[in-house]
Every structure is written in structure tokens, then in C-alpha cells.
Amino acid sequence: MTIKENLENVQARIRQAASFARRAESDIQLLGVTKYASDEQVQELIDAGLTTLGENRVQNAQARLERFPDAQWHFIGRLQTNKVRFCEKFALIHSLDRWNLAQAIDSRAGQWGKIQDVLIQVNVSGEESKTGLSPSEVRSFAKRVLQECDNVRIRGLMTMAPLLEPQAVRPYFRETRLLYEDLQQELGVTWDILSMGMTNDFEVAIEEGATLVRIGSALFSEEDSV
Ligand SMILES: *Cc1c(COP(=O)(O)O)cnc(C)c1O
């Protein structure tokens, strides 16, 4: 399979999942996660038409941003506050998960003269290995960011489900979606990005309301996909 074929495959699966859930395909954005890919593969993906891409490590991302400045880059990994200074070019940071990071982004964005778009990362499974705020912490956190961080714009939520069979992750996606809706109502804001679903589970995530899926392996695998 070429990368172009992989992309067409993933797009077809997104279309199918959307149709199954009676949602418009255009409501679901595909983010190509390039952390396992070579530069040549990234170029192939861009040539095939996918130009919204994500990296999870600041160091790699730096090089990628320089090499592929015309793509739109998202940051999806754990972010240390002392690395925020390298993040000016990211269109979206998916991993806001603590107050000192919000402050660091706010102050840098002020220097950059931009409003930084972010998602709040939620840990709905409670797994220790996963970063993200617990659902009960998100409300007051979001409120504080809204009140105190003028240079940060919350666009929605991001979550990573536990590594289980696709059907077993459904409750985690559902809970995140409910939280996403409740919070908008309670806080009186309108969000537009619910980032959930990866290679292993994106169809279920779409059924449960994801508006952005983050896909790596399925795009870069050389094997025939099932
Ligand atoms: C690696 C990664 C992905 C993509 O994972 P795949 O299983 O390869 O699709 C998505 N989101 C985050 C945060 C990641 O680190």
C-alpha cells in the first residue's frame, strides 16, 4: 500500500463511520500524526493532499515545521512549560492539562502577538500513565483559563482512550462527549473541536461525536490494512 492508498482508505473509513452515525463527513477532520514517519513519507502524505499534521515531541516537531512550513501543524504530546517557547507556529495545542502550562502558553502567546488555540486534555479512564485532567477538575480549570488567560482560546477537549478493543473504549468517548457538551452550556461558550480517536479506535470515536481524529499508523503502515 502506498501512503496515498492508505490515506484514501482512512478517508473511506471516516466517511463510512460518519454515515453510520448519521453525521456529515465534513464535520470530521483528519489529523495525520507523523511521529513514526520519515520526511519522505510526510512529503508523500502532503502530496496526497493531507496538510493538517501532528507531532507529539517538541524536538521532532521543530524540524518538521522547518521542513514543511506550508502544512498546518498541531502539537499533540505532553508539553513541558520550558518548551512552550518553541511552540509559536502550532495552530493548535491538544494537550493543555495543568495550570502552570496555561500560564506559560498565555504569556508566550502574548509575546508572539497571537491568541493560541488549545484543547484541554481530559483523562476519562483514570489511568495513571495518561496525562490529562480528571473530568471533575476540568470545569474549574476551564473557567480559570477563560477568566485569566487572555491570549489562550479553548477550542474544545482532547482525550486518549485506554488501549482496549475498539468497542470497549466507547464509554470513555461517550463520557468525554457529554463533558464537552455540558461544559459549553455551563460556561456559556461555543467550542468546535472534540479530538478523540486514533488508528485503533477512530470509528467508535466518530460514532460518539469526535470532530477530529488523530491517525498515525494507519497512514504509514506498509502492510495491507484489514
Ligand atoms: C501517536 C499518537 C496518535 C496516533 O496514534 P496511531 O495509533 O498511530 O494512530 C494520536 N494521538 C496521540 C496523542 C499520539 O501520541
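Start at 1 and go down the list; that is how both ligands and their atoms are numbered. It should be emphasised that the depicted structure is a prediction, and the values quoted were computed from it without experimental measurement.
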If you measure from CG on Leu96 to NE2 on His94, what distance do you get to the nearest 0.5 Å?
12.5 Å
Please confirm whether Arg64 makes a cation-pi placement over Trp73, using NZ or CZ under 6.0 Å from the six-membered ring centre and within 45° of the ring normal.
no
Ring centres under 6.0 Å, that's the criterion: do Tyr36 and Phe220 meet it?
no
For Val84, run the side-chain contact (heavy atoms from CB on, under 4.5 Å) check against Val58, Ile93, Ile105 and tell me which one passes.
Ile105
Working to the nearest 0.5 angstrom, can you tell me the gap between Leu45 CG and Phe68 CZ?
9.5 Å
When rounded to the nearest 0.5 angstrom, what is the spacing between CG in Leu133 and CG in Leu179?
10.0 Å
Could you check ligand 1 for N or O atoms lying under 3.5 Å from protein N or O atoms and list the pairs with distances?
unit_1	atom_1	unit_2	atom_2	d
ligand 1	8 (O)	Ser217	N	2.8
ligand 1	8 (O)	Ser217	OG	2.5
ligand 1	9 (O)	Thr199	N	3.0
ligand 1	9 (O)	Thr199	OG1	2.5
ligand 1	9 (O)	Gly216	N	2.8
ligand 1	11 (N)	Arg214	NE	2.8
ligand 1	15 (O)	Lys35	NZ	2.7

